[in-house]
Number of protein chains: 2
Amino acid sequence: MTAKTHTISDLAREFGVTTRTIRFYEEKGLIHPLREGQKRLYSNADRVRIKLILRGKRIGMTLRECVEFIDMYDPEHNNAEQLQSLIDDVKSRRERLLQQKRDIDDMLSGLDEVQGLCEESLARSHRKKLAHT
Amino acid sequence: MTAKTHTISDLAREFGVTTRTIRFYEEKGLIHPLREGQKRLYSNADRVRIKLILRGKRIGMTLRECVEFIDMYDPEHNNAEQLQSLIDDVKSRRERLLQQKRDIDDMLSGLDEVQGLCEESLARSHRKKLAHT
DNA sequence: TTTAACGTTTACGTTAACGTAAACTTGGGC
DNA sequence: GCCCAAGTTTACGTTAACGTAAACGTTAAA
């Protein structure tokens, strides 16, 4: 079984970004695709990393933060000290995420209100129209 | 009853930003504080706007998006056409927010996993220590 | 064989969101 | 009267995250 690889434009299409973006991520050390001669070959692991990067960006993380987040998954934690600092990182990350969720929920409530007012207003002008006939 | 106002450094302290940031927001047309001679006087409405801006920023909105979002609240919607486009805006905004919530939930699950592995690993090394005595 | 589609490197340009510094005014405390 | 803290304007600097353009290699189809 040969591991499936992807070209750069495959991934660009799939994720709705430009090839420039993907090369930029490599330049910044976020991904490390293999090479076949000059050409880059992206493994499925590379693909997943890109996906995780874009997910991070959607909620406003910088690229640096995205890597930091992704790197929490792989074990560079040898001793207990590093483990503890990782746990601390996890904790503060979680708090930030929860704050963001609260922010989003507040904004969603706001949208509900606005939409309610809109529909009400539309309904009113609709009744007016009918009465006018 | 005199409406309470705030100085620029009051608000900077309250929100943990610099005065430069607040002036920058004004320069960009996001807020419009009154003046007492040269000095800016911030009403409570100004304060709220800043709060909403910072909330938007926390989930990765640009300043432009923040204004757009805030402006949905006040009624510049006279005719039915504008009303409908506002409703459309609300819809797409809601979808983006929901996607962000999904992203956050996924990341929170990831953090749970990482933390689990950490604690497990810590527990193991702790048992090892005990066995060594 | 040429051309079209895809790939590459190198490098300069751009936008957003402030930081930082200089130079000035202004109101209150000693 | 003097000084200091807080305010002001003006303007150049900085970082992130790409966009855009030039100039070039490769391969498969017409």
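In the text below, chain A, chain B and the rest are named by the order of the sequence lines, each starting its count at 1.
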Asker: Any base atoms under 4.0 Å from A/Thr7, or only sugar-phosphate, or nothing? Heavy atoms, all strands.
Answerer: sugar-phosphate
Asker: Across the strands shown, which category fits B/Lys57 at heavy-atom distances under 4.0 angstrom: base, sugar-phosphate, nothing?
Answerer: sugar-phosphate
Asker: Start at the 5' end of DNA chain C and walk down; is the nucleotide closest to A/Arg23 or to A/Arg20 reached first?
Answerer: A/Arg23
Asker: Out of C/dG19, C/dT8, D/dA17, which nucleotide sits closest to the side chain of A/Phe24?
Answerer: D/dA17
Asker: Please report, rounded to the nearest Å, how far the C1' atom of D/dT9 is from the CZ atom of B/Arg40.
Answerer: 9 Å
Asker: Restricting to non-hydrogen atoms, name the atom on A/Ser43 and the atom on A/His6 that form the minimum distance, rounded to 0.1 Å.
Answerer: O-CD2, 3.9 Å
Asker: Expressed in angstrom and rounded to an integer, what is the separation of B/Ile53 atom CD1 from C/dA16 atom P?
Answerer: 16 Å
Asker: For the pair made of CD in B/Glu27 and C1' in D/dT10, what is the distance, rounded to whole Å?
Answerer: 10 Å
Asker: Between D/dT8, C/dG7, D/dC18, which one does the side chain of A/Thr21 approach most closely?
Answerer: D/dC18
Asker: State which residue, out of A/Arg55, A/Arg58, A/Gln100, A/Lys57, fulfils the side-chain hydrogen bond (donor to acceptor under 3.5 Å, both in side chains) condition with B/Asp103.
Answerer: A/Arg58
Asker: Atom CZ of B/Arg35 to atom P of C/dT26: distance rounded to whole Å?
Answerer: 14 Å
Asker: What is the separation between atom CD1 on A/Ile22 and atom C1' on C/dT8, rounded to the nearest whole Å?
Answerer: 15 Å
Asker: Starting from P on C/dA5, measure out to CD on A/Gln38 and report it in whole angstrom.
Answerer: 22 Å
Asker: State whether the number of non-hydrogen atoms from other residues, nucleotides or ligands found under 6.0 Å of B/Glu27 atom CD is greater than 12.
Answerer: yes
Asker: Cluster question for you: counting only ILVMFWY and a side-chain heavy-atom cut-off of under 4.5 Å, with indirect links fine, are A/Leu11 and A/Ile70 together?
Answerer: yes
Asker: Closer than 4.0 Å, any side-chain N/O of A/Thr19 to the OP1 or OP2 of C/dG7?
Answerer: no
Asker: Do you know the tightest heavy-atom contact between B/Glu65 and B/Gly60?
Answerer: OE1-O, 4.2 Å
Asker: Whole angstrom is fine here: how far is it from CE in A/Met61 over to P in D/dT15?
Answerer: 22 Å
Asker: Does a side-chain N or O from A/Tyr25 land closer than 4.0 Å to OP1 or OP2 of D/dA17, or not?
Answerer: no
Asker: Which one, C/dC18, D/dA17, C/dC6, comes nearest to the side chain of B/Leu63?
Answerer: C/dC18
Asker: Rounding to an integer number of Å, can you tell me how far B/Glu36 CD sits from D/dT8 C1'?
Answerer: 14 Å
